[in-house]
Amino acid sequence: MAATDIARQVGEGCRTVPLAGHVGFDSLPDQLVNKSVSQGFCFNILCVGETGLGKSTLMDTLFNTKFEGEPATHTQPGVQLRSNTYDLQESNVGLKLTIVSTVGFGDQINKEDSYKPIVEFIDAQFEAYLQEELKIRRVLHTYHDSRIHACLYFIAPTGHSLKSLDLVTMKKLDSKVNIIPIIAKSDAISKSELTKFKIKITSELVNNGVQIYQFPTDDESVAEINGTMNAHLPFAVIGSTEELKIGNKMMKARQYPWGTVQVENEAHCDFVKLREMLIRVNMEDLREQTHSRHYELYRRCKLEEMGFKDTDPDSKPFSLQETYEAKRNEFLGELQKKEEEMRQMFVQRVKEKEAELKEAEKELHEKFDRLKKLHQDEKKKLEDKKKSLDDEVNAFKQRKTAAELLQSQGSQAGGSQTLKRDKEKKKPTLHWGTTAPSVCLPGVWRHRTMGSWLPLGQEC
């Protein structure tokens, strides 16, 4: 039998019976109180607003302490979220307070994407809690819950209307966090202007569909005060950590040349109303709304993206196991389909690669044949040239041999002629002139033939 059927039967068949005596389960509230006090509480506040609107000062005033922090400048290149966690103790109740500030919000020339870092930060806290929930071994009782429980949206006291940046940012945040709009530094405008400004802000929020946090009126103990405070939204607040002596009491106030503005005086501002609604009356409701509304919306959307549903297509209950099996089968089917597609793609690419390789091999063979033929032609030319050079070398050698032979024969003939000439020199030589012959004797002057004497050794 399904668990829903059992629960339905138990609900339908439930009877009220009287007790004969004291049992003790009336102490359950005390047990819960003692357990909660021992574990402590956590509360996370997101302060959104332009630089210089007094966000840090208001936090110090709200919790009556001085939180450490560096003042922000107007020179930030983008919006950054700075988170600080503090352990506070009041009586025997411990509170782990986390304050997240938007550093550089509204300081850029292009403010179109100023809300994105804030949305991403809130979603990151939801995702961290969801991942902790989905673990096999969960430790939620010791897990530090960093989800934003309240967003104090600081509005500049212009006295005219909301800026487009404020409207866009609150519209993006209203489904993710409990927004409480407040008019910062409300002492900068007069009472009449402040009243008109509140009406204008409320009208613009309604016209643009921005859902701000409404204090709950379903609990009779707080219905009257919460209903009254809902009519005072947005709260006009003033923050100050400076204490001045007013009458016989030291009070937080701001001193001006024209007078003194008391922070905790409801005739001067709505600081006391904000503190009552935020901390003393509705802190637990803010925590519950964050978990049951905003986080559940994020969790549902996230699980639907993952494929988990509560009902099947026929609107019948669908268990988590069935959802898991269906999702697993769907995943396996998609995996097999992708595997088949990848296999076919692989085969196709292999075929294409083989065709490319065959084409490349064919081109290489053609190139090889072309180079081989070119090599053979070059080799034939070189062989022909070598043959012609060999013929020339042989012809040269033959000519050289013939020349050497002729030279040797000429040398032999020249030697014999020299010997013959030497022999002839030893004999007197008869020269015939034009008039009379003259005899040339070796070693003596010859007879003058043409009217002069010739010396020895000169031809006659």
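Numbers here are sequence positions counted from 1.
Between F63 and F67, the two ring planes are perpendicular [angle over 60°; tilted spans 30° to 60°].
Here the shortest heavy-atom pairing between V48 and L46 reads CG2-CG, 3.6 Å. Across every non-hydrogen atom of M251 and Q262, the tightest pair is CE-OE1, 3.5 Å. Between A253 and S240 the shortest heavy-atom distance is O-OG, 2.8 Å. Residues Y86 and N84 come closest through the heavy atom pair OH-CB, 3.2 Å. Annotation for P234 and P181: closest pair CB-O, 3.2 Å, computed over non-hydrogen atoms. Contact detail for E132 and V139: the closest heavy-atom pair is OE2-CG2, 3.2 Å.
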Kindly indicate, with the supporting measurements, whether the criterion side-chain hydrogen bond (donor to acceptor under 3.5 Å, both in side chains) is fulfilled by T51 and D107.
CA-CA 7 Å; T51 306; D107 291 338; 2.8 Å; yes
Let me see the working for V237 and S186 under side-chain contact (heavy atoms from CB on, under 4.5 Å), right down to the final yes or no.
CA-CA 6 Å; V237 298; S186 60; 5.6 Å; no
Apply side-chain contact (heavy atoms from CB on, under 4.5 Å) to residues V168 and K171 and explain how you reach the verdict.
CA-CA 5 Å; V168 171; K171 184 62 179 176; 5.8 Å; no
Could you please spell out the steps behind the side-chain contact (heavy atoms from CB on, under 4.5 Å) verdict for V79 and V103?
CA-CA 6 Å; V79 180; V103 181; over 6 Å; no
Using salt bridge (charged side-chain N to carboxylate O under 4.0 Å, His left out), reason through E334 and K337 one step at a time and then give a plain yes or no.
CA-CA 5 Å; E334 292 180 356; K337 183 179 178 181; over 6 Å; no
Steps toward side-chain contact (heavy atoms from CB on, under 4.5 Å) verdict (L58, I182):
CA-CA 11 Å; L58 183 64; I182 58 177; 3.5 Å; yes
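Between the side chains of N44 and S146, no donor N or O sits under 3.5 Å from an acceptor N or O. Between the side chains of Q31 and S27, at least one donor N or O sits under 3.5 Å from an acceptor N or O.
Here F331 pairs with nothing under the ring pair (Phe, Tyr, Trp, His ring centres under 6.0 Å) rule; sequence neighbours left out. Partners of K191 by salt bridge (charged side-chain N to carboxylate O under 4.0 Å, His left out), not counting sequence neighbours: none found.
Listed by first and then second residue, the ring pair (Phe, Tyr, Trp, His ring centres under 6.0 Å) pairs that reach into residues 339-375 come to none, sequence neighbours excluded. Applying the ring pair (Phe, Tyr, Trp, His ring centres under 6.0 Å) definition to pairs two or more places apart or across chains, none involves residues 19-38. Residue pairs that meet the side chain to side chain donor-acceptor pair (under 3.5 Å) test with at least one member in residues 195-224, sequence neighbours left out, are K198-D270, S203-N207, Y213-D285, D219-S221. Within the structure, the ring pair (Phe, Tyr, Trp, His ring centres under 6.0 Å) test picks out the following pairs touching residues 260-291 (sequence neighbours left out): H291-Y295.
Side-chain contact between V100 and S83: present, with at least one pair of heavy atoms (C-beta onward) separated by less than 4.5 Å. Looking at heavy atoms from C-beta onward, I122 lies out of side-chain contact with Y298 at the 4.5 angstrom threshold. In this structure, the side chains of F215 and I225 stay at 4.5 Å or more apart for every pair of heavy atoms. Side-chain atoms of M59 and L97, non-hydrogen and from C-beta on, never get closer than 4.5 Å to each other. Side-chain contact between T98 and C42: absent, with no pair of heavy atoms (C-beta onward) separated by less than 4.5 Å. Residues E133 and R299 are in side-chain contact: their nearest non-hydrogen atoms beyond the backbone lie under 4.5 Å apart. Annotation: side chain of L152 is in contact with side chain of L274 (closest heavy-atom distance under 4.5 Å). I118 places a side-chain heavy atom less than 4.5 Å from the side chain of L81.
Q344 pairs in a side-chain hydrogen bond (donor to acceptor under 3.5 Å, both in side chains) with only one of the listed residues (E340, E341, Q348), which is E340. If you run side chain to side chain contact (heavy atoms under 4.5 Å, CB included) between F43 and each of D145, L286, I99, only L286 comes through.
Heavy atoms of other residues, nucleotides or ligands lying less than 6.0 angstrom from CD of E90 number 12 at most. Around atom NZ of K111, more than 12 heavy atoms belonging to other residues, nucleotides or ligands sit under 6.0 Å away. The number of heavy-atom neighbours closer than 6.0 Å to CZ of R328, taken from other residues, nucleotides and ligands shown, is 12 or below. The environment of CE in M342 is sparse: at most 12 heavy-atom neighbours from other residues, nucleotides or ligands sit within 6.0 Å. Atom CD of Q376 has more than 12 heavy atoms from other residues, nucleotides or ligands within 6.0 Å. The number of heavy-atom neighbours closer than 6.0 Å to NZ of K273, taken from other residues, nucleotides and ligands shown, is above 12.
Using a cut-off of 4.0 Å between Lys/Arg side-chain N and Asp/Glu carboxylate O, R287 and E284 are scored as salt-bridged. Between R349 and E352 no salt bridge is recorded (no basic side-chain N to carboxylate O distance below 4.0 Å).
Here the straight-line distance linking atom NZ of K185 with atom SG of C269 works out to 14.0 Å at 0.5 Å rounding. In this structure, CE in M283 is found 6.0 Å from CG in L278, a value given to the nearest 0.5 Å. For the atom pair I179 CD1 and D174 CG, the distance stands at 5.5 Å (nearest 0.5 Å). The distance from the CD atom of E288 to the NE2 atom of H149 is 11.5 Å, given to the nearest 0.5 Å. Atom CD in E363 sits 9.5 Å away from atom CZ in R370 (nearest 0.5 Å). Here OG1 of T57 is found 10.5 Å from CG of L53. Values are rounded to the nearest 0.5 Å.
Formation of a donor-acceptor pair under 3.5 Å by the S38 side chain with backbone atoms of K35 is found in this model. Judged by distance alone, with hydrogens and angles left aside, the side-chain atoms of R147 form no donor-acceptor pair with the main-chain N or O of V177 at under 3.5 Å. Side chain of S388 to main chain of K385: a donor-acceptor pair is present (N/O by atom type, distance under 3.5 Å, no hydrogens or angles). Judged by distance alone, the side chain of K55 and the main-chain N or O of F154 form no donor-acceptor pair under 3.5 Å. A donor-acceptor pair under 3.5 Å is absent between the side-chain atoms of K96 and the main chain of T85, judged by distance alone.
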